[in-house]
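Only one structure is covered here, and it is reproduced in the block below.
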Amino acid sequence: MTTTPAARTIRNSSTLPVTWWKSSRSAAQSDCVECGVVDAGSVAVRDSKVPNGPALIFDRDALSAMVDAVAGGLV
């Protein structure tokens, strides 16, 4: 069986040609993630406190599964 990673890493997220946004639930807190649409099938996720730090690039299905797992208390 061959598998492919659900996410890949970019070392410097500021090099991605995306517009980043934070969750509306983040308010004034500093412990936030930001997302940016990379292309029709991929979304980048990074730590908002480290804009030049790494980002994970998820395909949309993998990101959706991760969000569902977190929301369901599985992670």
Side-chain angles (χ1 to χ4, degrees):
M1 178 169 90
T2 303
T3 60
T4 57
R8 61 187 170 104
T9 303
I10 301 297
R11 294 181 72 119
N12 184 343
S13 60
S14 69
T15 64
L16 291 170
V18 302
T19 300
W20 297 98
W21 77 90
K22 290 182 191 179
S23 167
S24 60
R25 293 184 173 225
S26 64
Q29 299 170 347
S30 63
D31 53 347
C32 308
V33 296
E34 293 178 314
C35 296
V37 175
V38 176
D39 57 38
S42 303
V43 177
V45 179
R46 72 178 181 182
D47 183 341
S48 64
K49 297 180 302 298
V50 189
N52 294 327
L56 294 174
I57 310 295
F58 290 94
D59 67 41
R60 289 178 181 261
D61 290 338
L63 181 59
S64 179
M66 183 188 73
V67 170
D68 289 345
V70 171
L74 301 174
V75 179

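Quantities reported herein were computed from a predicted structural model and do not represent experimental measurements. Any value given below was found using the heavy atoms of this structure, including those in side chains, with hydrogens, waters and symmetry copies removed.
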Next on the checklist: Between V37 and F58, is there shared hydrophobic-cluster membership here, with clusters defined by ILVMFWY side-chain heavy atoms closer than 4.5 Å?
Outcome noted: no
Next on the checklist: Could you measure the distance from the CH2 atom of W20 to the OG atom of S48? Nearest 0.5 Å is fine.
Outcome noted: 11.0 Å
Next on the checklist: For the backbone of G53 and the side chain of S13, can you confirm whether one donor and one acceptor N or O come within less than 3.5 Å of each other?
Outcome noted: yes
Next on the checklist: Any non-hydrogen side-chain atom of T9 less than 4.5 Å from a side-chain atom of L56?
Outcome noted: yes
Checklist outcome for this item: Note: L16 and A44 closest approach over all heavy atoms is CD1-CB, 3.8 Å
Checklist entry - When you measure from the side chain of R60 to the backbone N and O of A40, does any donor-acceptor pair fall under 3.5 Å? => result yes
Next on the checklist: Hydrophobic clustering (ILVMFWY, side-chain heavy atoms < 4.5 Å, transitive) - are V67 and V45 grouped together?
Outcome noted: yes
Checklist entry - Are P54 and R46 side-chain neighbours, meaning at least one heavy-atom pair lies under 4.5 Å? => result no
Checklist entry - Okay, side chain of S42, backbone of D39: is any donor-acceptor separation there less than 3.5 Å? => result no
Item to check | From D47 atom CG to E34 atom CD, the distance as rounded to the nearest 0.5 Å | outcome: 8.5 Å
Checklist entry - Is the closest side-chain heavy-atom distance between I57 and I10 below 4.5 Å? => result yes
Next on the checklist: When you compare the side chain of C35 with that of W21, does any pair of heavy atoms fall below 4.5 Å?
Outcome noted: yes
